[in-house]
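The structure appears right after this line, and notes come after that.
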Amino acid sequence: MSNKLVKGPTRANFVMSDDYSLLTLFGRNRAWAASKTLTDPRFFDRLVDQQRPRYFWIGCSDSRVPATEIVNLDPGEMFVHRNVANLASASDRSFAAALQFAVDVLRVQHIMVVGHYGCGGIEAAMNVDSEDAIGHWLAPVRTLYRHSCQEDGGQLSANALCEQNIFAQVEALAANPIVRAAWSQGASLELHGWIYAIEDGLLRPLCGPVRAPGTTGSSAVPAAPL
């Protein structure tokens, strides 16, 4: 099969790949859609109507950590934002937009920061600084690592830093203006910190639920791993 040029609406030319591995993805997509329709004929009709997720998952971009598959939910049941090392940075416009949409529009009830052991982003933050995009993005984790080592008087393992990073991101969420505004308006919104182990496929809670200040049953974010 030769490469073909396709004219788009802006008259730009795009090359159609003849990579068989890519072409198989379309076949897998059709098989998946057919299986969904076979077991539930109205599955896609319901998705078109409206999404009403109760959960907002803030996870790592790692391809081994598929959010909805881990908790066995269908599309439409969980709103998802993923980035390297599962950061909840208020200054990141992409994350801020996702958080605002989840809280103000979708009215989610639970926000979960979900990290995972063996995170490449966490391990990179423990190495020498770099001035590239990854280095700048991981700067908060690198700062957390240095502070944690100073407080502990020694080195921190990568897995321990994965946990510390989750605590830090839940703390950041609790101070985020979007979350604070929702709480001030009486929103039933809880924050949670979870960790995922790739080696056994299991999630484990680390902290939470964190609720609006003064709410009965609200849990503080611990300063050290549980």
Side-chain angles (χ1 to χ4, degrees), residues 55-67 70-71 80-92 94-96 98-99 102 110-180 189-213 217-226:
Y55 315 105
F56 179 33
W57 173 292
I58 303 168
C60 183
S61 298
D62 194 301
S63 61
R64 301 168 296 173
V65 191
I70 286 174
V71 288
V80 177
H81 177 85
R82 298 171 68 180
N83 59 57
V84 175
N86 45 273
L87 302 188
S89 175
S91 62
D92 178 56
S94 175
F95 170 73
L99 178 64
H110 302 275
I111 301 179
M112 301 91 78
V113 177
V114 186
H116 67 97
Y117 295 125
C119 179
I122 295 296
E123 293 172 357
M126 300 171 69
N127 297 324
V128 180
D129 295 5
S130 61
E131 292 299 321
D132 53 14
I134 294 177
H136 288 298
W137 175 255
L138 294 175
V141 186
R142 187 173 294 110
T143 299
L144 174 65
Y145 174 59
R146 290 170 177 168
H147 286 172
S148 297
C149 288
Q150 291 173 358
E151 292 177 357
D152 294 342
Q155 293 293 312
L156 196 69
S157 71
N159 283 348
L161 184 58
C162 286
E163 295 179 348
Q164 290 283 9
N165 182 53
I166 293 170
F167 302 143
Q169 303 316 311
V170 174
E171 283 185 335
L173 273 175
N176 190 289
I178 295 172
V179 172
R180 302 291 290 193
L189 181 63
E190 298 182 354
L191 313 180
H192 310 265
W194 296 352
I195 191 79
Y196 176 69
I198 295 174
E199 60 267 24
D200 60 15
L202 297 180
L203 283 167
R204 297 169 176 84
L206 287 182
C207 61
V210 178
R211 304 186 180 102
S218 181
S219 171
V221 181
L226 296 174

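Remember, it's a predicted structure, so these values are computed and weren't measured experimentally.
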*So, do Leu206 and Trp194 sit near enough that their side-chain heavy atoms are less than 4.5 Å apart?*
no

*Set of residues satisfying side chain to side chain contact (heavy atoms under 4.5 Å, CB included) with respect to Ile134, sequence neighbours excluded*: Asp132, Leu138

*Would you please name every residue forming a side chain to side chain donor-acceptor pair (under 3.5 Å) with Ser91, sequence neighbours left out?*
Ser89

*When you look at Tyr145 and Gln155, which way does the side chain to side chain contact (heavy atoms under 4.5 Å, CB included) test go after all the steps?*
CA-CA 9 Å; Tyr145 174 59; Gln155 293 293 312; 2.7 Å; yes

*Is any side-chain heavy atom of Asn86 less than 4.5 Å from a side-chain heavy atom of Cys60?*
yes

*side chain to side chain contact (heavy atoms under 4.5 Å, CB included) with Arg146: which residues, sequence neighbours excluded?*
Asp129, Arg142

*What do the steps show when you test Ile58 against Leu173 for side chain to side chain contact (heavy atoms under 4.5 Å, CB included), and what is the final call?*
CA-CA 11 Å; Ile58 303 168; Leu173 273 175; 3.8 Å; yes

_Just verifying a value: how many Å separate Trp57 CH2 and His110 NE2, rounded to the nearest 0.5 Å?_
14.0 Å

*Sequence neighbours left out, what passes side chain to side chain donor-acceptor pair (under 3.5 Å) with Asp62? Give chain and number order.*
Arg64

*What heavy-atom pair brings Cys207 and Val170 nearest, and what distance separates the two atoms?*
SG-CG2, 3.9 Å

*Report yes or no: does Arg211 contribute a side-chain atom to a donor-acceptor pair with the main-chain N or O of Glu190 at less than 3.5 Å?*
no

*Within-4.5 Å side-chain heavy-atom neighbours: Ile166 and Ile195*: yes

*For residues Pro209 and His192, report the shortest heavy-atom separation together with the two atoms involved.*
CB-CE1, 3.6 Å

*Can you check side chain to side chain contact (heavy atoms under 4.5 Å, CB included) on Leu144 and Gln164, steps first, answer last?*
CA-CA 8 Å; Leu144 174 65; Gln164 290 283 9; 4.2 Å; yes

_Partner set under salt bridge (Lys or Arg N to Asp or Glu O under 4.0 Å) for Arg204, not counting sequence neighbours_ = Asp200

*Identify the heavy atoms of Ala172 and Ala88 that sit nearest to each other, and give their distance.*
CB-O, 3.9 Å

*Using side chain to side chain contact (heavy atoms under 4.5 Å, CB included) as the criterion, list what pairs up with Pro177, not counting sequence neighbours.*
none

*Do His136 side-chain atoms and Glu131 backbone N/O form a donor-acceptor pair below 3.5 Å?*
yes

*For Trp137 and Val84, which heavy atoms make the closest approach, and how far apart are they?*
NE1-O, 2.8 Å

*Can you check whether Tyr196 reaches Leu202 side chain to side chain, under 4.5 Å on heavy atoms?*
no

*What pairs with Ser94 under side chain to side chain contact (heavy atoms under 4.5 Å, CB included), at least two apart in sequence or on another chain?*
His81, Asp92

*Looking only at heavy atoms, what is the nearest atom pair of Leu156 and Ser148, with distance?*
CD2-CB, 3.7 Å

*With sequence neighbours excluded, what pairs up with Phe56 under the ring pair (Phe, Tyr, Trp, His ring centres under 6.0 Å) test?*
Phe79

Can I get a per-line list of side-chain donor-acceptor pairs under 3.5 Å for residues 112-128, giving both atom names and the distance, sequence neighbours left out?
residue, atom, partner, partner atom, Å
Tyr117, OH, Glu163, OE2, 2.5
Asn127, ND2, Glu123, O, 3.2

